[in-house]
Amino acid sequence: MNITKSISLFQEAQKLIPGGVDSPVRAFCAVGGQPLFIERGEGPYLFDVDGNRYIDYVLSWGPLITGHAHPKVIEAIQQAACKGTSYGAPSPLEIELAKSIMDFMPNIEMIRFVNSGTEATMSALRLARAYTKRDKIIKFEGCYHGHADMLLVQAGSGVATLGLPDSPGVPADTVKDTLVANYNDLDSVKALFKKYPDQIAAVIVEPVAGNMGVVPPLPGFLEGLRAVTKREGTVLIFDEVMTGFRVHKGGAQALYNIQPDLTTLGKVIGGGLPVGAYGGKREIMQMVAPAGPMYQAGTLAGNPLAMSAGIAALDLIRDEKVWDEMEARGRQLDAGIESAAKKAGVAVTQTRVGTMRTIFFSETMPRDWNTVKCADKVRFGKFFQKMLENGVYLAPSQFEAGFISILHDEAVITATVDAAERAMKSL
Ligand code: KE4
């Protein structure tokens, strides 16, 4: 595979940008080799600067459920751009996207748009603290909620991928109120409530963990979180930045029929442009300035380009038939990977919820960080590189989720399975 242009671009980029990338997990640190520089995306495909084509299962880490450069999304952005790129004032488009999101997630009564998932979770936690007048928060080991200081504690995604002991530059005082529980372990949550009665403002959880690889909630886990937070007067925040419009048309809250107090969103709702959002119970959201005293702001929040892209993207995934088709494609890929691994005698455990999935090189069904961290990362790296050679672009880390789009049709999945059979054999 000729990647000479990517090699020279990476050398140049590393002189200008730390690690040559604008987000650490893109750097291929966990899988070896070097990042490919991308020329363009089209439907389910990425094309690198050397002209190599890949079936893309990263899809910008989740946002592109409509695939790359979907004509309807591009048209919406073009039309919006002709009217200007940012007004710094309200526009009807923010109302339209808010209503569209609420159609999918009726539990969200009010919403505020921001520019990233990090801003969404950071703001939701400030709001929970303002609403409860409490300081402590609970997160789960292996879950990642963006890079706000208070959340860079035993985080997943790039922090886990790079094996970082959290991050320097985060003052101990900033994380003294961040408590960490074990995912899928209600007792570890109850123990923290027992230790810190009436002090916990929020529990923030990835309702399906995606940042330690995809780890589904065990039966009763989310229900238990809802019960204990209700009893304790603590705000339950579903961080659906990744799971929203991915694990189910209505997100994890629809799939598991649980109503969190607040939901954070990102990725899909921007159609590939920078958008995040937080929303939920009107009584809580009314505390957000200027309606209430809790301050949060953003120059480009709700900008017309991003709103237009999000509106167009959500319109394309409104029809149930689209979800039935993606479920069928997911099953096709499950079966294909399973048979490829069996034929090659390679131990893998697959997890999938809706359109997000992970192939763990392990025989243990993942349930928390302790189980996933034992997966064979070296073998994952070899598989990743072989799949790349075979024209399939997976997430470059065992601790990440893979995604499909509405354009990953039967033929694309068949080609992926064929590539996996060859890759598994080479392991
Ligand atoms: P952003 O600030 O990256 O838009 O969103 C942060 C975030 C919040 N919550 C969840 C559940 C998330 O998965 C994320 C971001 N996800 C990672 C991928 N695991 C983004 C990829 C990256 O960091 O480059």
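Side chains are part of it too, since the values below use all heavy atoms of this structure and drop only hydrogens, waters and symmetry mates. Order of listing sets the numbers, starting from 1, for every ligand and every atom in it.
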Is the shortest distance from a Lys or Arg side-chain nitrogen in R226 or E223 to a carboxylate oxygen in the other one below 4.0 Å?
no
What distance do L93 atom CG and M307 atom CE have between them, rounded to the nearest 0.5 Å?
8.5 Å
Rounded to the nearest 0.5 Å, how far does NE2 of H248 lie from CH2 of W323?
8.0 Å
One pair to check against side chain to side chain donor-acceptor pair (under 3.5 Å): D239 and T264. What are the steps and the verdict?
CA-CA 5 Å; D239 178 357; T264 52; 2.9 Å; yes
Any chance the rings of F10 and F28 have centres within less than 6.0 Å?
no
Students should find this: residues with any non-hydrogen atom under 4.0 Å from ligand 1. What is the answer?
S23, V25, W61, S116, G117, T118, Y144, H145, G146, S157, E206, N211, D239, V241, M242, K267, E400
If the threshold is 4.0 Å, N to carboxylate O, is there a salt bridge linking K190 and E232?
no
